[in-house]
Number of protein chains: 2
Amino acid sequence: MALPLEGITVLEFSQYLAGPYAGLRLADLGARVIKIERPRVGDACRQLAIKHLFVDGDSLLFHTINRNKESYAANLKDPEDLAKVKALVKHADVITHNFRPGVMDKIGLDYQTVRQLNPTIVYGEVSGYGKTGPWVNKPGQDLLAQSVSGLAWLSGNDSPDPTPFGFAIADMICGTHLAQALLAALVRRQQQGIGALVEVSLLESILDFQFEGITTYLNDGEQLPKRSQVAGAHTLLEAPYGVYQTADGFLAIAMTDLGQLLELLECNVTGEQLSQPYEQRDAIKAAIQRRLVARSTDHWLTTLEAADIWCSDVYTYATLMKQKAYQQLDMDLTVSRPNGASVTTTRCPIQLNGDKLRSDVAAPALGNANEQLASEGLLDD
Amino acid sequence: MALPLEGITVLEFSQYLAGPYAGLRLADLGARVIKIERPRVGDACRQLAIKHLFVDGDSLLFHTINRNKESYAANLKDPEDLAKVKALVKHADVITHNFRPGVMDKIGLDYQTVRQLNPTIVYGEVSGYGKTGPWVNKPGQDLLAQSVSGLAWLSGNDSPDPTPFGFAIADMICGTHLAQALLAALVRRQQQGIGALVEVSLLESILDFQFEGITTYLNDGEQLPKRSQVAGAHTLLEAPYGVYQTADGFLAIAMTDLGQLLELLECNVTGEQLSQPYEQRDAIKAAIQRRLVARSTDHWLTTLEAADIWCSDVYTYATLMKQKAYQQLDMDLTVSRPNGASVTTTRCPIQLNGDKLRSDVAAPALGNANEQLASEGLLDD
């Protein structure tokens with residue numbers, strides 16, 4: 001199967017997560033993605049280990065984010081190496097980087113310089129908070145971006161304490177927006193033969209993902225989002241929406257006919273409460289919780305699904321992976337290096353013409369493409 | 001400024017959030033996005049109000065998700081209307097829908113039929129859990145997808161209770177993947193003149209976003225993610241990473257030199273603890289918490305930022321919007337209908353050639369483009 005981005009070459013100067021996540025998706029979709037890395041050290045993510053997990057000298061995290069890519073090791077401060085990188089730039093379609101503002105200018109690989117070398121380049125920049133303004137030097141880091149964005153007041157039950165999201169959501173979202181921007185610019189380049197500079201930031205991306213909540217705030221007298229006392233799930237949604245405790249576990253209930261649900265649960269609330277499912281959600285949800293905790297999750301699933309109530313068990317990775325539905329998705333993907341080192345991770349979430357995209361190429365050893373790129377003549381001016 | 005997707009026409013049969021969020025981004029990037037909606041009722045999201053907030057007859061939510069689009073009202077069960085839609089399909093570049101498996105086949109607008117009408121169509125489908133398998137008829141709904149994905153065990157401090165993310169994260173992520181897939185297919189179409197079927201699902205997308213955690217689980221003896229007892233933020237990261245209480249608020253601290261931080265805080269932990277910042281994170285974070293709660297957030301920001309420790313205040317929407325850095329981002333965007341009804345929401349997070357993308361076109365009134373499309377001859381076979 002010809003993948004959509006075959007023939008597109010991406011130079012990834014980006015490190016850590018946001019930029020490389022965009023690169024991973026472009027690679028999954030068929031692009032040739034070459035990481036440009038410092039000799040000896042490489043992408044700092046190679047040493048950023050979670051739980052000391054390393055595979056073949058690189059952190060498991062690096063393997064996860066950078067499978068299906070190549071690596072070119074070059075010292076951008078060395079004129080000879082830089083000349084080779086500039087030759088590579090002339091052959092590339094896309095560049096991404098997440099250096100702090102000013103760094104690429106000093107190296108001589110900023111957009112204005114690069115477009116002299118390659119007028120139709122699509123050049124993507126990732127920053128924390130944009131390239132100007134009082135936060136331009138604030139660390140462009142996921143938890144800090146989450147923390148300033150208002151996001152920490154949306155999850156969990158109401159309390160005075162903030163609850164950040166439990167993974168690097170700002171990085172991930174920003175990476176998806178970068179990929180969108182690069183792809184849109186490639187569409188235009190093919191139609192009109194012009195390149196583009198596209199810029200994304202952790203903060204703009206995480207604000208965009210809260211557009212429902214922020215728009216509600218701006219049009220509703222600037223009332224802050226209010227978390228439920230009970231079964232919290234989405235600050236803006238009315239009862240019964242939430243995750244409840246049962247006798248032996250948990251049950252998620254989505255938007256549904258509240259009257260029908262209360263009848264099925266033999267649960268009494270006042271007429272006033274029933275007519276105000278947002279304002280009175282704490283009382284209604286507390287009443288639902290009192291009923292649900294009396295019986296098992298399976299009992300409620302059987303009862304409620306039969307009545308077409310939208311509900312679900314709440315799985316861990318362990319219980320999810322035991323489900324036939326998960327196994328049929330075939331999400332697990334084992335990737336290997338030429339020396340046999342391998343990692344099991346997850347595949348691209350996009351399916352194309354009914355096929356799952358399942359490259360088995362692992363993350364590159366540092367500089368694994370140096371010889372190959374030379375032999376292809378891509379390092380010659 | 002010529003936007004990247006000018007000249008691309010998207011027919012959006014999608015309703016609610018995931019598909020329409022992809023459409024919003026394509027519209028922001030310059031595509032003409034036409035919602036195909038049922039007469040009189042339209043996208044069900046028009047009546048899905050949060051806090052009873054309506055503007056000009058449509059929910060604020062609908063306005064948020066569907067700004068910058070047009071609407072064509074047509075009854076797909078009426079042969080005359082369907083013929084016009086099929087004519088429109090012949091003129092389109094992209095179609096998206098999120099009907100349950102089988103619905104578009106019955107109407108005669110499934111991919112195999114549509115490609116007879118328009119061989120280079122890029123056709124995007126959104127489902128909850130894929131188009132086969134035991135969950136094919138499970139409601140494709142955000143909270144249920146979150147709940148089965150393992151996501152609910154990542155946020156907040158450790159407790160027996162799950163914590164779903166506080167907005168429709170599965171829908172949003174799936175929408176970004178849909179946009180990526182459609183754009184990649186458009187790149188290929190322009191190079192090779194072929195169309196594509198692309199498919200995404202809430203579950204595959206929300207699993208992809210957890211690829212760090214799932215890969216760690218799969219390569220670390222299937223140990224479930226463990227939330228911190230104190231200052232929880234990311235299940236996989238070591239001390240001091242987290243959000244802490246101070247004397248008058250909160251302080252987020254990202255990855256940093258732990259020894260230096262402890263010295264700055266005059267905080268004692270044992271050598272054994274210091275050498276095991278992941279395994280001993282609860283004890284270390286508790287010690288940090290005890291120090292931080294003694295002084296104000298401003299005090300700690302001044303002290304720690306001077307030492308280049310990565311830290312931040314934790315804002316609500318109200319405190320964020322008072323920051324100069326936020327105001328300079330110019331994220332707020334006011335959009336208006338021809339009758340003057342207007343909504344303030346957020347702009348596209350992508351910047352192009354240094355410009356912010358700021359269309360001021362509001363969400364369409366139902367069927368607002370019916371006459372226009374007829375006059376352009378797009379409804380004629």
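Each chain gets a letter, A, B and so on, in the order the sequences are listed, and its residues count up from 1. The structure displayed is predicted, hence computed values, not measured ones.
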Just checking [X] against [Y], ring centres under 6.0 Å apart?
{"X": "Phe165(B)", "Y": "Phe167(A)", "answer": "yes"}
{"X": "Phe209(B)", "Y": "Tyr21(A)", "answer": "yes"}
{"X": "Tyr315(A)", "Y": "Phe250(A)", "answer": "no"}

Given heavy-atom pairs under 4.5 angstrom as the criterion, report whether the side chain, backbone, both or neither of [X] touches chain A.
{"X": "Leu178(B)", "value": "neither"}
{"X": "Ile65(B)", "value": "both"}
{"X": "Leu24(B)", "value": "side chain"}
{"X": "Thr163(B)", "value": "side chain"}
{"X": "Glu204(B)", "value": "both"}
{"X": "Asp332(B)", "value": "side chain"}
{"X": "Ile214(B)", "value": "both"}
{"X": "Gln180(B)", "value": "both"}
{"X": "Leu143(B)", "value": "both"}
{"X": "Cys174(B)", "value": "neither"}
{"X": "Leu236(B)", "value": "both"}
{"X": "Gln146(B)", "value": "neither"}
{"X": "Leu5(B)", "value": "side chain"}
{"X": "Trp310(B)", "value": "both"}

Most chain A-contacting option - heavy-atom pairs closer than 4.5 Å, from [options]:
{"options": "Val200(B), Leu48(B), Leu53(B)", "result": "Leu53(B)"}
{"options": "Gln245(B), Gln141(B), Gln328(B), Lys138(B)", "result": "Gln141(B)"}
{"options": "Val187(B), Leu151(B), Leu203(B), Val198(B)", "result": "Val187(B)"}
{"options": "Leu186(B), Asn219(B), Thr216(B), Leu333(B)", "result": "Asn219(B)"}
{"options": "Asp208(B), Leu183(B), Leu320(B)", "result": "Asp208(B)"}

Could you tell me whether [X] and [Y] make a salt bridge, using a distance below 4.0 angstrom between a side-chain N and a carboxylate O?
{"X": "Asp220(A)", "Y": "Lys51(B)", "result": "yes"}
{"X": "Arg188(A)", "Y": "Glu6(B)", "result": "no"}
{"X": "Asp28(B)", "Y": "Arg347(B)", "result": "no"}

Interface residue of largest heavy-atom contact number with chain B, from [options], under 4.5 Å:
{"options": "Gln192(A), Glu222(A), Gln191(A)", "value": "Gln191(A)"}
{"options": "Gly213(A), Gly150(A), Ser147(A), Gly175(A)", "value": "Ser147(A)"}
{"options": "Ala252(A), Ala184(A), Gly133(A)", "value": "Ala184(A)"}
{"options": "Tyr123(A), Tyr111(A), Tyr241(A)", "value": "Tyr241(A)"}
{"options": "Ser201(A), Ala168(A), Cys311(A), Ala31(A)", "value": "Cys311(A)"}
{"options": "Gly195(A), Pro162(A), Gly130(A)", "value": "Pro162(A)"}

Close side-chain approach of [X] to [Y], heavy-atom, < 4.5 Å:
{"X": "Tyr129(B)", "Y": "Leu202(B)", "result": "no"}
{"X": "Ile350(A)", "Y": "Glu199(B)", "result": "no"}
{"X": "Leu197(A)", "Y": "Leu352(B)", "result": "no"}
{"X": "Leu3(B)", "Y": "Leu29(B)", "result": "no"}
{"X": "Arg227(A)", "Y": "His234(A)", "result": "no"}
{"X": "Val314(B)", "Y": "Val148(A)", "result": "no"}
{"X": "Thr346(B)", "Y": "Thr64(B)", "result": "no"}
{"X": "Leu26(B)", "Y": "Leu182(B)", "result": "yes"}

Interchain contact, [X] with chain B, by part (heavy-atom threshold 4.5 Å):
{"X": "Tyr217(A)", "answer": "side chain"}
{"X": "Leu237(A)", "answer": "side chain"}
{"X": "Met331(A)", "answer": "side chain"}
{"X": "Leu17(A)", "answer": "side chain"}
{"X": "Lys131(A)", "answer": "neither"}
{"X": "Leu218(A)", "answer": "side chain"}
{"X": "His63(A)", "answer": "neither"}

- Query: Under the side chain to side chain donor-acceptor pair (under 3.5 Å) test, which residues partner Ser149(B), sequence neighbours left out?
  - Reply: Gln210(B)

- Taking side chain to side chain donor-acceptor pair (under 3.5 Å) as the test, write out the residues that go with Thr316(B), two or more places apart. Thr319(B)

- Item | Evaluation steps, side-chain hydrogen bond (donor to acceptor under 3.5 Å, both in side chains), between Thr345(B) and Thr215(A) | CA-CA 5 Å; Thr345(B) 179; Thr215(A) 304; 2.7 Å; yes

- Task: Using distance alone, with no hydrogens and no angle criterion, decide if Thr334(A) and Ser342(A) have a side-chain donor and acceptor under 3.5 Å apart.
- Result: no

